[in-house]
Peer 1: 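Got a structure for you, written out below as C-alpha cells; questions coming shortly.
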Amino acid sequence: MKIDFYKRAALVCRQIPRGTAATYGQIALLCGYPKNSRQVGYALGHHLIGDAPAYRVVNAKGLLSGAASFETPDRQRELLENEGIEVIWTDRGYHVDLNKYGWKNTLEEALWLRSEFKSQNI
DNA sequence: TCAGTGACCAGAC
DNA sequence: CGTCTGGCCACTG
C-alpha cells in the first residue's frame with residue numbers, strides 16, 4: 001500500500017533540520033519515490049504525517065504553496081520565522097530563499113533514512 | 001472503470 | 001524574470 005509512502009514521508013519530514021526548508025520533490029526523492037512529489041503535498045494537506053513539521057516543506061521555487069491549509073493563512077510563515085527563516089512576501093504569496101535556507105541533505109542522511117525504512121519495514 | 005483533481009516539477013521559449 | 005506544456009500518480013466521485 002501507499003501507506004508506506006506516507007510513513008516514509010513522515011520520517012523524512014522529522015529529519016528536516018530546524019531553520020531549513022525542504023521541497024516536495026526532495027522529500028519524495030528521500031522517500032525512494034522520486035516521482036511522487038504530488039503525493040507529498042497530499043500527505044501534508046490531509047495530515048497523514050502525524051506531528052512531523054509540515055511547515056518546513058515548500059515547493060521547488062521556495063513558495064509556501066500550502067500556507068492556506070494551516071490554521072490561519074499566516075501560521076506557516078510564523079513558524080518559519082520563529083526558526084530564523086526569512087519569509088518574503090510577493091504577489092505570488094510567501095517565499096523563502098532556498099539558497100539560504102534550503103535543506104542540503106547529506107548522503108549520510110539519505111542512507112540513514114534508507115536503513116530506517118528497512119528496519120521499520122516501511 | 002474512468003475522467004477530474006491537486007500544498008508538484010523540469011524543460012521549452 | 002514570466003507563461004505554458006507535458007509528465008507524474010494517489011485519490012475521489
Side-chain angles (χ1 to χ4, degrees):
Chain A
M1 286 291 178
K2 278 308 171 194
I3 303 295
D4 286 353
F5 173 77
Y6 300 134
K7 287 182 180 175
R8 288 189 178 197
L11 190 52
V12 174
C13 286
R14 278 191 287 264
Q15 301 311 310
I16 306 173
R18 258 186 77 87
T20 72
T23 68
Y24 298 92
Q26 186 177 14
I27 305 290
L29 183 64
L30 288 170
C31 282
Y33 294 86
K35 300 175 184 173
N36 286 43
S37 53
R38 306 192 79 138
Q39 275 57 240
V40 175
Y42 179 87
L44 302 189
H46 292 265
H47 310 105
L48 303 178
I49 61 165
D51 60 346
Y55 64 90
R56 293 191 186 130
V57 185
V58 301
N59 76 11
K61 299 183 179 64
L63 178 69
L64 278 56
S65 50
S69 334
F70 285 75
E71 304 83 274
T72 74
D74 280 50
R75 186 58 185 157
Q76 185 178 16
R77 175 184 62 76
E78 292 168 2
L79 290 164
L80 291 172
E81 288 178 341
N82 284 344
E83 302 188 346
I85 299 180
E86 296 176 77
V87 181
I88 317 297
W89 170 261
T90 73
D91 55 349
R92 298 279 184 144
Y94 290 119
H95 273 277
V96 300
D97 184 345
L98 288 176
N99 289 317
K100 276 189 191 172
Y101 304 106
W103 178 26
K104 296 154 186 66
N105 71 85
T106 65
L107 177 59
E108 283 72 20
E109 287 170 317
L111 293 176
W112 181 84
L113 284 165
R114 197 181 62 161
S115 69
E116 277 300 299
F117 299 153
K118 190 170 186 179
S119 64
Q120 295 188 207
N121 216 345
I122 58 178

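What's counted below: heavy atoms across the whole structure, side chains too, no hydrogens, waters or symmetry copies. Throughout, protein chains are lettered first and strands after them, A, B, ... in sequence-line order, and every chain is numbered starting at 1.
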Peer 1: To the nearest Å, give me how far apart CG (Asn36(A)) and P (dC8(C)) are.
Peer 2: 12 Å
Peer 1: Kindly write out the residues that satisfy salt bridge (charged side-chain N to carboxylate O under 4.0 Å, His left out) with Glu108(A), not counting sequence neighbours, or none if the list is empty.
Peer 2: none
Peer 1: Tabulate atom names and distances for all N/O pairs under 3.5 angstrom spanning the protein and nucleotides 2-4 of chain C.
Peer 2:
| residue | atom | partner | partner atom | Å |
| --- | --- | --- | --- | --- |
| dT3(C) | OP2 | Arg92(A) | NH2 | 2.2 |

Peer 1: Counting only non-hydrogen atoms, which of residues 16-29 of chain A are less than 4.0 Å from DNA chain B?
Peer 2: Thr23(A), Tyr24(A), Gly25(A)
Peer 1: Which residues pass the side-chain contact (heavy atoms from CB on, under 4.5 Å) test with His46(A), not counting sequence neighbours?
Peer 2: Tyr42(A), Leu48(A)
Peer 1: Would you say a side-chain N or O of Tyr6(A) is under 4.0 Å from OP1 or OP2 of dC11(C)?
Peer 2: yes
Peer 1: Salt bridge (charged side-chain N to carboxylate O under 4.0 Å, His left out) with Glu116(A): which residues, sequence neighbours excluded?
Peer 2: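 So Glu116(A) forms no salt bridge (charged side-chain N to carboxylate O under 4.0 Å, His left out) with any residue.
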Peer 1: Using salt bridge (charged side-chain N to carboxylate O under 4.0 Å, His left out) as the criterion, list what pairs up with Arg77(A), not counting sequence neighbours.
Peer 2: Asp74(A), Glu81(A)
Peer 1: Would you give me the side-chain donor-acceptor pairs under 3.5 Å for residues 21-29 of chain A, sequence neighbours excluded?
Peer 2:
| residue | atom | partner | partner atom | Å |
| --- | --- | --- | --- | --- |
| Thr23(A) | OG1 | Gln26(A) | N | 3.1 |
| Tyr24(A) | OH | Ser65(A) | OG | 3.4 |
| Gln26(A) | OE1 | Thr23(A) | N | 3.3 |
| Gln26(A) | NE2 | Trp103(A) | O | 2.7 |

Peer 1: Can you name the residues that form a side-chain contact (heavy atoms from CB on, under 4.5 Å) with Pro73(A), not counting sequence neighbours?
Peer 2: none
Peer 1: Can you check the Arg38(A) CZ to dA7(B) P distance for me, whole Å?
Peer 2: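 After rounding, the reported distance stands at 9 Å.
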Peer 1: Using every non-hydrogen atom in the two residues, find where Leu98(A) and Ala60(A) come nearest and quote the distance to one decimal.
Peer 2: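 Nearest pair, atom of Leu98(A) first, then Ala60(A): CD1-O, 3.4 Å.
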Peer 1: Going by atom type alone, with no hydrogens or angles, which donor-acceptor pairs under 3.5 Å involve a side-chain atom of residues 8-18 of chain A and a protein atom two or more places apart or on another chain?
Peer 2:
| residue | atom | partner | partner atom | Å |
| --- | --- | --- | --- | --- |
| Arg8(A) | NE | Ile122(A) | O | 3.3 |
| Arg8(A) | NH1 | Cys31(A) | O | 2.7 |
| Arg8(A) | NH2 | Ile122(A) | O | 3.0 |
| Arg14(A) | NH1 | Asp51(A) | OD1 | 3.4 |

Peer 1: Remember a base hit wins even if backbone is also touched, and classify Phe70(A) as base, sugar-phosphate or nothing at under 4.0 Å, heavy atoms.
Peer 2: base
Peer 1: Work out how far the P atom of dA7(B) is from that of dG7(C), and round it to whole angstrom.
Peer 2: 22 Å
Peer 1: Whole angstroms only, please: what is the CG-P distance between Asp4(A) and dA10(C)?
Peer 2: 13 Å
Peer 1: Out of dA10(C), dC9(B), dC8(B), which nucleotide sits closest to the side chain of Ser65(A)?
Peer 2: dC8(B)
Peer 1: Using a strict heavy-atom distance below 4.0 Å, which residues from residues 39-52 of chain A are in contact with DNA chain B?
Peer 2: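 Within this stretch, Gln39(A), Gly41(A), Leu44(A), Gly45(A) sit under 4.0 Å of the strand.
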Peer 1: Each residue besides Leu107(A) in its hydrophobic cluster should be listed here, by chain and number; the cluster joins Ile, Leu, Val, Met, Phe, Trp and Tyr at side-chain heavy-atom distances under 4.5 Å.
Peer 2: Leu111(A)
Peer 1: Return the value, rounded to whole Å, for the distance between atom OH of Tyr33(A) and atom P of dA10(C).
Peer 2: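 It works out to 9 Å between those atoms.
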Peer 1: Hey, quick one: are Tyr94(A) and Leu63(A) part of the same hydrophobic cluster, counting side-chain heavy atoms closer than 4.5 Å, chains of contacts allowed?
Peer 2: no
Peer 1: Table please: side-chain donor-acceptor pairs of residues 82-93 of chain A below 3.5 Å, with sequence neighbours left out.
Peer 2:
| residue | atom | partner | partner atom | Å |
| --- | --- | --- | --- | --- |
| Asn82(A) | ND2 | Glu78(A) | O | 3.4 |
| Glu83(A) | OE1 | Gly19(A) | N | 2.9 |
| Glu83(A) | OE1 | Arg56(A) | NE | 3.1 |
| Glu83(A) | OE2 | Tyr55(A) | OH | 2.5 |
| Glu83(A) | OE2 | Arg56(A) | NE | 3.2 |
| Glu83(A) | OE2 | Arg56(A) | NH2 | 2.7 |
| Glu86(A) | OE2 | Lys100(A) | NZ | 3.1 |
| Glu86(A) | OE2 | Tyr101(A) | OH | 2.8 |
| Thr90(A) | OG1 | Arg92(A) | N | 3.1 |
| Thr90(A) | OG1 | Gly93(A) | O | 3.1 |

